[in-house]
There are 2 protein chains.
Amino acid sequence: MVATEQPLHQSFPEKSSVVDVQGNTVETLKVENSSAVESALSSGNVSHNPEAFRQALNKVLYGRSFYIPSFKIHDGGPAHSSHFVREEKMLEIECTCVTPEVVLKASGHVDKFTDVMVKDVTTGSYYRADHLVKDYCNEKLEKDVTISAEKAAELKDLLVVLENLSIEDLGKKIKEYGITAPDTKNPLSDPYPFNLMFKTSIGPSGQHTGYMRPETAQGIFCNFNELYRYNGKKLPFAAVQVGQAFRNEISPRQGPLRVREFTLAEIEHFIHPGNKSHPKFSRVAKLEFLMFPREEQVSGQSATKLCLGEAVAKGTVNNETLGYFIGRVYLFLTRLGIDKDRLRFRQHLANEMAHYAVDCWDAEIETSYGWIECVGIADRAAYDLRAHSKNVTIQKNMVSISKEKKKVYQGSFTSSVIEPSFGIGRIVYCLCEHCFSTMPSKAGDEQLNVFRFPPLVAPKMCMVFPLVKNQQFEETTRLISEELTSCRIDHDIDMKGISIGKRYVKSDELGVPFAITVDSETPVTIRERDSKDQVRVSLKEKMTWQDVWASFPHHSSHSCASSFNHHGLNDEGLSC
Amino acid sequence: MVATEQPLHQSFPEKSSVVDVQGNTVETLKVENSSAVESALSSGNVSHNPEAFRQALNKVLYGRSFYIPSFKIHDGGPAHSSHFVREEKMLEIECTCVTPEVVLKASGHVDKFTDVMVKDVTTGSYYRADHLVKDYCNEKLEKDVTISAEKAAELKDLLVVLENLSIEDLGKKIKEYGITAPDTKNPLSDPYPFNLMFKTSIGPSGQHTGYMRPETAQGIFCNFNELYRYNGKKLPFAAVQVGQAFRNEISPRQGPLRVREFTLAEIEHFIHPGNKSHPKFSRVAKLEFLMFPREEQVSGQSATKLCLGEAVAKGTVNNETLGYFIGRVYLFLTRLGIDKDRLRFRQHLANEMAHYAVDCWDAEIETSYGWIECVGIADRAAYDLRAHSKNVTIQKNMVSISKEKKKVYQGSFTSSVIEPSFGIGRIVYCLCEHCFSTMPSKAGDEQLNVFRFPPLVAPKMCMVFPLVKNQQFEETTRLISEELTSCRIDHDIDMKGISIGKRYVKSDELGVPFAITVDSETPVTIRERDSKDQVRVSLKEKMTWQDVWASFPHHSSHSCASSFNHHGLNDEGLSC
């Protein structure tokens, strides 16, 4: 059943004031007549007094932060949410997608989360202004053999700074180059900002504006106070949210890489602004990988391999915590199967950063579309917590949301936050590209496609085939399938009577690391995808692929045997 | 890292036509010059020809259904999605929340998914018409001692059929009873329908209307053709989607139980309309639990214990597949910790069913708010597939979406669908109520709260405390924590120097089944929440709580020992 895998979460309508009242009622009742309350609350028997039962329950549910109103500090939320702690000691939170305007006004998204648009003055078609300028430059550089070296240099320079041009400058360039609507060649309007959030209205009156969240982070910031309290009022701590985010792109391009709805995983790691060291930084300090600092970009150089520890020591990366997460993201992506030679960490240019960031590094992955930003690791400093706390109506319990009085050493401060933000869909797409390859079949008449997904991420670990249609083999196939299910190994059965060779071709194309062919009742043949090596294994054994290889009769495929060690096979292989 | 736990999915912008074109291009290239293509595609080296590489990749990604355009049959989707097969052989799918109008027009939601609203004619405040009538009846029945027996009977009857009244009848009742706006006593407008979907617009022009999906099911129906193909064009098969759904309630009430955004888990089990038997029905046929068929409701009786097999045999439950899922839902909910005596399956009245259902049973759970619908198990028959296939522009590949030619035995047919739909948040809230109890402390001066969550669903399995602040104990605590993490046992450490008694109180209030107190370097004390039994266990052992109890010195808490067996502790206990 699917539901068992859901965390214990729920969204709530406006409740904070109700809960406070109910909490107070319970307190009052307790003082006035504690034995009466006790009997009303005994062991889940609600028939005596459902209201009192619910009050006691709510007091614990809210008091112990099983539930937190989503945007409690702004007190205008249509719905609320909850959080639970995860294995990695991060606090997991799930907030609503529909977000009241007040939250996104405070965060700056209502005013600043825009792209620049132009309109075909005749047909009314819309275009992204920067895309048109980019296309113009690229086409000129590629196809116009007559342009001067000076002009070419100008266009190249423009491409580098394009994302950071002001609306006015974009308009000037469009006029200067005589850029027209690509479909009709009609003139274009002056550029103007277009807010990228999906707008809706909450409730029946149409008066309460809401937006689909453009990032998941704001739900965490608005709950900072609760999370901080849950963590025993200690810094640092981290909260995480995985969920849908929505951006009403003017004209989505690049297939799966720029879409209007996507899954984000955002970690908000809150730290004291005066101490951005990280206790586990030494574990990643020796990593070396491609980095592309701001200065190298501006001076036209390429990304180079840097040692992360040195990059932090020299100040290239602003602080240890930012560096720690850069290192962790590197390890994460390469473990998934991203090619380390097509992965770089690029620092944002000073004028390129989002309105909330003070330093930011993007994990960029090279694909057939070019270098794609897949993870952003930003130091948002105190921007968000300050913005929300400035925006709230100051009442009791609220002014403390982002402040702590350190009586001895210093005055108040606002927590800083380091945010690794993962575009899950982009990572998955890039993984598909890096794992994909094709080769001609031996006969040369066919393309064979393979996804070399590491077992860790392969959608299916194993295929099971009976060699021929035969009751005994099919029965053994079913037994193996049940055993694999009980070991929680994702697999599929293919009973269709096509040849084993064809089934291996299909299995490779689906990216399945192992295939089991039932060619007798007890030993069966296991084939490993990348090496094409085969072994015969008797049933009722549980071991890793390395054990299997060492213990059983096997057949090495000479053509590909060398790729086996490269495969990154590990304990996540076929063991259970 | 969070992202590793995400399935391999992604949302796509309009792509189906692009992919077709790219697929054709690859075909053409292959025929014209296969060796050139082969070299361009070799082993992920994209620098030779990124376009050709991407074409080959896309052909496999779409051809093998790694990705499916979300609302492909309606061909107007702003975004798209993908699916992968799950352990239970259901196909898992993830579709977008923002849904183009054409999809929800076809499904009937644009026209029929409404609540009836009235307006305070002076202030413009909104109310749900049925809520006002309900409140009027309840108040009359509870507080007006002067009403006649006849009148009381009339109001009680009205309450039973209230949800099914037409707009006109609701209006008549409001007039007849002289119901006014509850806050102001002003007159009310005539009732009128209000669509419950959140409306937005897609893209920059404002011309493309979209809605936030009111259920996840439509994403599955629109992909039926792809899923059917993926399943080898065989029925039955099931697809599942877990995700957010959105309903713009007029006035949310009942705290966590009626919210505007919530998590739904929907299974769509497609079957041949001529054969609704289920091969595994015998596994649930002997279950007995509270059922509340239509007839018993209409004649004013209560729910009674029925044997599921008999209910299907007698035709009370329409068919075996519907019955199978009712049984599976019963097992699922009781395994989570829902009290079987406060769980009933209520059949929808004929005029109560949603516009798409032909038979429907709700799993209802009794709480302090009354009986709450938590799971709906509906036979939607062929409604949805017919609706979508009628609505599409008929083109090649499309007319087959919901039809299959059986050449020998019969003509075409449209697959039926049985849909179990789980309101995850409601189930979780009901579970909180059923697991919650309070009792006075021994001294009688305090309320002690406990959530008796079964280990299967407890947000944390274990707390770890050092008995006193002491470097050795704290070190042992950290070692235990690392061991638990490596076994993927969710737990928390509490190093704060309050008394062990207080820490147990807090641990019980958080619903944690086990607490480990580090009171020496090795053995340590493990306490079980519900029995309060304690055992001393040396480290480096891995066993279940039953093993632990049988093998180690223990201390039984006389006050609560009897509740231990009731606890439902099982292999999911402390083993790893």
Side-chain angles (χ1 to χ4, degrees), chain A residues 1-3 6 8 10-13 15 38 41 43-44 46 50 53-54 56-57 60 64 78-79 84-85 87 96-98 117 126 194 198-200 204-205 240 242 244 250 252 255-256 259-262 265 332 368 422 424-425 428-429 433-434 436-438 440 449 459 485 490 492 509-510, chain B residues 1-3 6 8 10-13 15 38 41 43-44 46 50 53-54 56-57 60 64 78-79 84-85 87 96-98 117 126 194 198-200 204-205 240 242 244 250 252 255-256 259-262 265 332 368 422 424-425 428-429 433 436-438 440 449 459 485 488 490 492 509-510:
Chain A
M1 286 284 169
V2 171
Q6 286 284 304
L8 287 170
Q10 168 61 313
S11 303
F12 267 39
K15 288 297 294 177
E38 280 150 22
L41 300 182
S43 294
V46 301
F53 171 81
R54 196 186 308 143
L57 173 68
V60 181
R64 288 296 189 190
F84 289 99
V85 182
E87 187 180 305
T96 57
C97 297
V98 177
M117 188 151 92
Y126 297 88
F194 171 70
F198 285 100
K199 197 172 184 173
T200 189
S205 71
V240 64
V242 183
Q244 297 300 91
I250 295 170
V259 290
R260 292 195 172 116
E261 181 176 338
F262 50 97
F332 169 70
S368 63
F422 300 78
I424 301 297
V428 169
Y429 179 78
E433 282 217 0
H434 285 203
F436 186 69
S437 62
T438 72
N449 304 307
T485 299
D490 282 319
D492 214 351
E509 192 162 291
L510 291 171
Chain B
M1 285 285 168
V2 170
Q6 288 283 303
L8 286 172
Q10 169 60 312
S11 305
F12 267 39
K15 286 299 291 178
E38 278 149 24
L41 300 181
S43 294
V46 301
F53 172 81
R54 196 186 307 144
L57 173 68
V60 181
R64 288 298 189 188
F84 288 100
V85 182
E87 186 178 306
T96 57
C97 298
V98 177
M117 187 153 90
Y126 297 88
F194 170 71
F198 284 99
K199 197 172 184 172
T200 190
S205 71
V240 63
V242 183
Q244 296 302 91
I250 295 170
V259 291
R260 292 194 173 114
E261 182 176 336
F262 49 98
F332 169 69
S368 62
F422 301 78
I424 301 298
V428 170
Y429 178 78
E433 281 217 0
F436 186 69
S437 63
T438 72
N449 304 307
T485 299
R488 301 187 188 189
D490 281 319
D492 215 351
E509 192 161 291
L510 291 171

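Chain letters run A, B, ... following the sequence lines, proteins first, then strands; residues in each count from 1. It should be emphasised that the depicted structure is a prediction, and the values quoted were computed from it without experimental measurement.
A side-chain donor-acceptor contact under 3.5 Å links A:Thr200 to the backbone of B:Lys199. Judged purely by atom type and a 3.5 angstrom limit, A:Glu261 uses its side chain to pair as donor or acceptor with the backbone of B:Val98.
Expressed to the nearest 0.5 Å, how far CZ of B:Arg260 lies from OG1 of A:Thr96 amounts to 11.0 Å.
Minimum heavy-atom separation, A:Pro204 to B:Phe194: CA-CZ, 3.5 Å.
For a residue to count as touching a neighbouring chain, one of its non-hydrogen atoms must lie under 4.5 Å from one of that chain's; by this rule B:Phe198 touches chain A with backbone and side chain alike.
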